[in-house]
Number of protein chains: 2
Amino acid sequence: MSKVEIGRQTPEQNTRSLGFRPLYAQVKHQLLERLINKIWMPGDALPSEQHLAVELGVSQGTVRKALDELTDENIVVRRQGRGTFVAEHTQERALFQYFMLSPDQGKKDDNHFPQSQLLSLDSGSATHRERAALDLAANEQVWRMERNRTLQSAPLIAEKIVLPQLLFDGLDKIKPLPSNIYALFDQIFGQSIVRAEEKLKAVAAEEGTAKRLGCATGTPLLRIDRIAYALSGRPVEWRISYCLTDNFHYVSNLK
Amino acid sequence: MSKVEIGRQTPEQNTRSLGFRPLYAQVKHQLLERLINKIWMPGDALPSEQHLAVELGVSQGTVRKALDELTDENIVVRRQGRGTFVAEHTQERALFQYFMLSPDQGKKDDNHFPQSQLLSLDSGSATHRERAALDLAANEQVWRMERNRTLQSAPLIAEKIVLPQLLFDGLDKIKPLPSNIYALFDQIFGQSIVRAEEKLKAVAAEEGTAKRLGCATGTPLLRIDRIAYALSGRPVEWRISYCLTDNFHYVSNLK
DNA sequence: AAGTGGTCTAGACCACTAA
DNA sequence: TAGTGGTCTAGACCACTTC
């Protein structure tokens, strides 16, 4: 590992405070870059705070503040007495960070991780909407995946997933596709999802969707439009889910 | 202001680490208590970090960590060079923390704060559901408010709000009720809302709701079931909103 | 110029884990 | 027992606001 130059700004450089960036932000940027470049992979332990401090030429407290922010962003996980680790896409994380549907009665638990049935997986040129959603170049190819998701064999979700083909080369070779595909993104394609934006609407079930969910045409469905972002900040997944919310609800915490 | 005792734990007290509580957590608890007891009101400046440190007998860094957590929880607002202030329920906060509907086209701004028309305000004994939602004692009274909300005169939301009457004595005397009622809660009733939990479903519009929203019976609506909590941790508002999501969507950030 | 929050350091010690 | 993250301190200085 080569020594890295992180410089404290002198007051002269900083007079008038144009573009002042605290040291810990530079440290955080360094660490993020290494994570993006896969110097450390999901599940790996990072060097200790002390080691990083010496290597980067800053105090432990400054490294600490950088790691604290990465922890808040679910990029890194800290365990007292053990170390700091690159966050993994465990089933628990999928359930509590990326699956906000919860049963009306009872608590959410591992029994509430939905099974998936793959209906189709094709590729083609990105439409205008797909290009806009995933920030793609003209004529770029995408994967399009359709799947149904069930909970204890009751249909719950019909969804379509769109992915840039360049980032997920060989996706069609992987069989079977797991239900928790973000773990796959991590492990096979090196794309770590770290956050997502969802837009929700209530819509009437169209005929095809109704059939997939075993409900009547026109049934009110919760439509979830998700864009998921990788560590690099790039949008790498566009997903639209139609959910039956007779016995489930979507949870949102305002704070 | 009387001197307060905050003790650092000796290792002896703490051996086996039963109930270990860091100093900053005790400081935070102290500050929270004063906020609940209205020693400092919304908009007030808190004493400086240095003053609090001396008063509580801890270092500035420890006070800082406590204030940082209160900042993360939107209980307090810090402004460099000016001071630390008790958070207020401004219209901006209402719009970005407590109103997650956004127009499909264009950006959310001050023009997207909905007007409210009060339809009714009555009181009565809490039903079972109301008691459960608001954690009320048997036979406790509640206010029930119905209102419609419009955006640029287009109907958007039909909602019912339930409040414990004991906490909102004299609510019926206030005319007109503002659209941003959390500001009212703060200023008149001393109930500062600091967080809320929302449960979302897609449902078909019933006849009465459809009339209020000017849509057909059976139209898919986004039903938002909210419980809002005050500084003390108490649930103080139960709200059910039925939203037309033809041109709007509910935003949720997963992180 | 004075006062506030924000950053950074160096060092001590505690809590926790694993060997 | 050694190594890690977590807490706490005292002090210095910077960035920002107000007077």
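The sequence lines fix the lettering, A, B, ..., with proteins before strands; numbering per chain opens at 1. Below, all heavy atoms of this structure are taken into account, side chains as well, without hydrogens, waters or symmetry copies. Predicted model only: the values in this text are computed from it and were never measured.
The distance from atom CZ of B:Phe20 to atom P of D:dT7 is 7 Å, rounded to the nearest whole Å. A straight line from CG of B:Asp68 to P of D:dT7 spans 12 Å, rounded to a whole angstrom. For B:Arg21 and D:dG6, the CZ to C1' distance is 16 Å, given to the nearest whole Å. Per the geometry, CD belonging to B:Gln60 stands 13 Å off P belonging to C:dT7, to the nearest Å. When rounded to the nearest whole Å, the span between NZ of B:Lys65 and P of C:dG6 equals 15 Å. Atom-to-atom, CG of A:Leu23 to C1' of C:dT9 comes out at 11 Å; the value is rounded to the nearest Å. Regarding B:Leu67, its CG atom lies at a distance of 14 Å from the P atom of C:dT7, rounded to whole Å. Separating the CG atom of B:Leu46 from the C1' atom of C:dT4 is a distance of 13 Å, rounded to the nearest angstrom.
The phosphate of C:dG6 (OP1 or OP2) has a side-chain N or O of B:Arg64 nearer than 4.0 angstrom. Not one side-chain nitrogen or oxygen of A:Thr84 sits closer than 4.0 Å to the OP1 or OP2 atom of D:dT4.
Of the candidates C:dT4, C:dC8, D:dT9, D:dT9 carries the atom nearest the B:Thr62 side chain, counting heavy atoms from C-beta on. Each of D:dG6, D:dT9, C:dT4 was ranked by its minimum atom distance to the side chain of B:Ser59; first place goes to D:dT9. Among the nucleotides C:dT7, C:dG5, D:dG6, the one closest to the side chain of A:Pro22 is C:dT7.
Where A:Arg82 and A:Tyr24 each meet DNA chain C at their nearest nucleotide, the meeting point lying more 5' is that of A:Tyr24.
Salt-bridge annotation for B:Glu73 and B:Arg195: absent, with no side-chain N of the basic residue lying under 4.0 Å from a carboxylate O of the acidic one. Classification of B:Glu197 and A:Lys255 as a salt-bridged pair fails, no side-chain N sitting under 4.0 Å from a carboxylate O.
B:Tyr250 and A:Ser252 share a side-chain donor-acceptor pair at under 3.5 Å.
Tested against B:Phe189 for a side-chain contact (heavy atoms from CB on, under 4.5 Å), the candidates B:Asp169, B:Leu163, B:Ile174 yield a single pass: B:Ile174.
Within 4.0 Å (heavy atoms only), A:Arg79 reaches sugar-phosphate atoms of the nucleic acid but no base atom.
Figure legend: A:Arg79 and A:Phe85 shown as a cation-pi pair, the cationic atom lying under 6.0 angstrom from the six-membered ring centre and within 45 degrees of its axis.
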